[in-house]
Amino acid sequence: MNILILGGGGREHALAWAVMQNPKCDKLIVAPGNAGIAAIAECAALDIMNGTLVANFCEENAIDFVIVGPEAPLAEGVADDLRAAGFRVFGPSQAAARLEASKAFTKEICDAAGAPTAAYARFTEAAPARAYVEAQGAPIVIKADGLAAGKGVIVAMDLETALAAIDDMFSGEFGAAGAEVVIEEFMTGEEASFFVLCDGETALPIGTAQDHKRAHDGDEGPNTGGMGAYSPAPVLSDEVQQKTMDRIVRPTLAEMVKRGTPYQGVLFVGLMIEDGEPRLVEYNCRFGDPECQVLMMRLGAQILDLLDAATDGRLAETQVNWAADHALTVVMAAKGYPGSYDKGTQIRGLSALPETSFEMCFHAGTTAGTGDQKGRTLATGGRVLNATARGATLQEARDRAYAMVDAIDWPEGFCRRDIGWRVLG
Ligand code: AMP
Ligand code: GLY
């Protein structure tokens, strides 16, 4: 099988690493990729937001199967364009990707499906939104409807912050994403992520994880895309997973079928769990980053068979082979992230790192130097590396991951030292 993966972050490096290990993978191209991916697969410069260009590329490179990593091309309809051109694609249609691209749409689906989630109201104007917040009081959660690169949610602990968030959203700070605003009840509990493959009809759980959103140790500092993750998440016990499947995932998929927009792809189910009862925080239409890194470490080569089965509607006859193991990933980011940071700094020590089925340093924002920087690995992004490891216990996985971190020589980078604290302290 000739495979194309769209994306160039740590998520896509982990996907590429796992897919490559499957003997069914004959050739792998990743667009645009990064310096780490370039060491294991061919990387191609390609505008992944343009379905026509991607379809032409698939034609020229005899691609049999496309795996879409990030949400932006899915929300743009790139999977639809590729399917229309006759290619097999893992990833939802534009209509189904609305489960991530529109928070108001997701709320509507939850209502129709009877799925437990926060109480809410929707607004297209500031005055009634302000009045609603004043009536409800704080804490309260203000969300821009559309995709806002993870910045469209304000958890307001006081009224002043909530009102300011409403004004910011309606003044166009979030562009078209803020044209509609969803205001939600503040939910308490423990957050965790549940990943389910869907083939339109059937849903197959492929793992649980917990992320660390804040930039600094002790969950201090600003929110980020995620500074580390581990799998499994103990709070998502078998019983809670079962409740999530019965009350949230299956009714959602049935509602999507009913509307003529079945969901095919991975559904990232963001949950709040309190007293063993799961409620939906959000859906994403893609793997989490860095959650994907720990899932791929645990699933390995079988992921290609699973994605293939989801694409062909064969999940009902498919099983996941689980090892009783744990995985943990530590994100190394450029100092200053998620604010401003230097680009082009050199990272040393990467070539000496172990690369085994137990430990891999996945790359996110890296590039290979050119000209007088040739032979060097340079940091180009905010989140740059993911030291990822597996072990019989979470402690073993954590020790292995931090041993990699400590072997990396990158003075301009930083990481949290407490990934996994909920379980390990
Ligand atoms: P979202 O993009 O919807 O996942 O929101 C980002 C983060 O905001 C979530 O991961 C939660 O930590 C928090 N959040 C979102 N909605 C709520 C809610 N209704 N109650 C409490 N926290 C929330
Ligand atoms: N790590 C959270 C996300 O991928 O949305």
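Values below: all heavy atoms of this structure, side chains included; hydrogens, waters and symmetry mates excluded. Start at 1 and go down the list; that is how both ligands and their atoms are numbered.
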Quiz prompt | R250 vs M245 side-chain heavy atoms within contact, under 4.5 Å | solution =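 Of all side-chain heavy-atom pairs linking M245 with R250, at least one is under 4.5 Å.
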What atoms of ligand 2 come closer than 4.0 angstrom to any heavy atom of [X]?
X	result
E291	1 (N), 2 (C), 4 (O)
G288	4 (O)
F268	3 (C), 4 (O), 5 (O)
D211	1 (N), 2 (C)

Practice problem: Decide whether an N or O pair under 3.5 Å exists between V153 and ligand 1. | Solution: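 Looking only at distances, the answer is no, because the N/O contact criterion of under 3.5 Å is not met.
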Looking at [X], which atoms of ligand 1 are within less than 4.0 Å of one of its heavy atoms?
X	value
F186	20 (N), 21 (C)
A118	19 (N)
K143	3 (O), 15 (C), 16 (N)
K103	2 (O), 3 (O)
K213	10 (O)

Quiz item: What about R286: any of its N or O atoms under 3.5 Å from an N or O on ligand 2?
Solution: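 For ligand 2, there is an N or O atom that lies under 3.5 Å from one belonging to R286.
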Quiz prompt | Distance-only N or O hit between ligand 2 and G225, under 3.5 Å | solution =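 By distance alone, the answer is yes.
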What I want to find out is whether [X] reaches [Y] closely enough, with some N-O distance under 4.0 Å, to be called a salt bridge.
X	Y	result
R247	E277	yes
E185	R279	yes
E184	K107	yes

Quiz item: Quick one: is the NZ or CZ of R11 closer than 6.0 Å to the six-membered ring centre of F287, and within 45° of its axis?
Solution: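 So R11 doesn't make the cation-pi contact.
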Quiz item: Short question: side chain of Q302, backbone of N321 - any donor-acceptor pair under 3.5 Å?
Solution: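 Answer holds: yes.
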Quiz item: What do we get for F287 next to ligand 2 when only non-hydrogen atoms under 4.0 Å count, side chain, backbone, both or neither?
Solution: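 The answer is neither; F287 stays 4.0 Å or more away.
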Quiz item: Should the ring pair H13 and F362 be called parallel, tilted or perpendicular, given that the plane angle runs from 0 to 90° and is split at 30 and 60?
Solution: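 Answer is perpendicular, since the angle exceeds 60°.
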Quiz item: For ligand 1, is any non-hydrogen atom under 4.0 Å from V155's backbone (N, CA, C, O), its side chain (CB onward), both, or neither?
Solution: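 Within the 4.0 Å criterion, V155 contacts ligand 1 through side-chain atoms alone.
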Self-check item: Side chain, backbone, both or neither: the part of E282 lying under 4.0 Å from ligand 1 by heavy atom
Solution: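 The answer is the side chain of E282.
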Quiz prompt | Check: T311/R88 side-chain N/O donor and acceptor closer than 3.5 Å | solution =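 Checked: T311/R88 side chains show no N/O donor-acceptor pair below 3.5 Å.
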Quiz item: Is there a donor-acceptor contact under 3.5 Å linking the side chains of T252 and Y263?
Solution: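 No.
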Exercise. Mind checking the CD1-NE2 spacing from I419 to H212? Nearest 0.5 Å is all I need.
Key: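 These two atoms lie 4.5 Å from each other.
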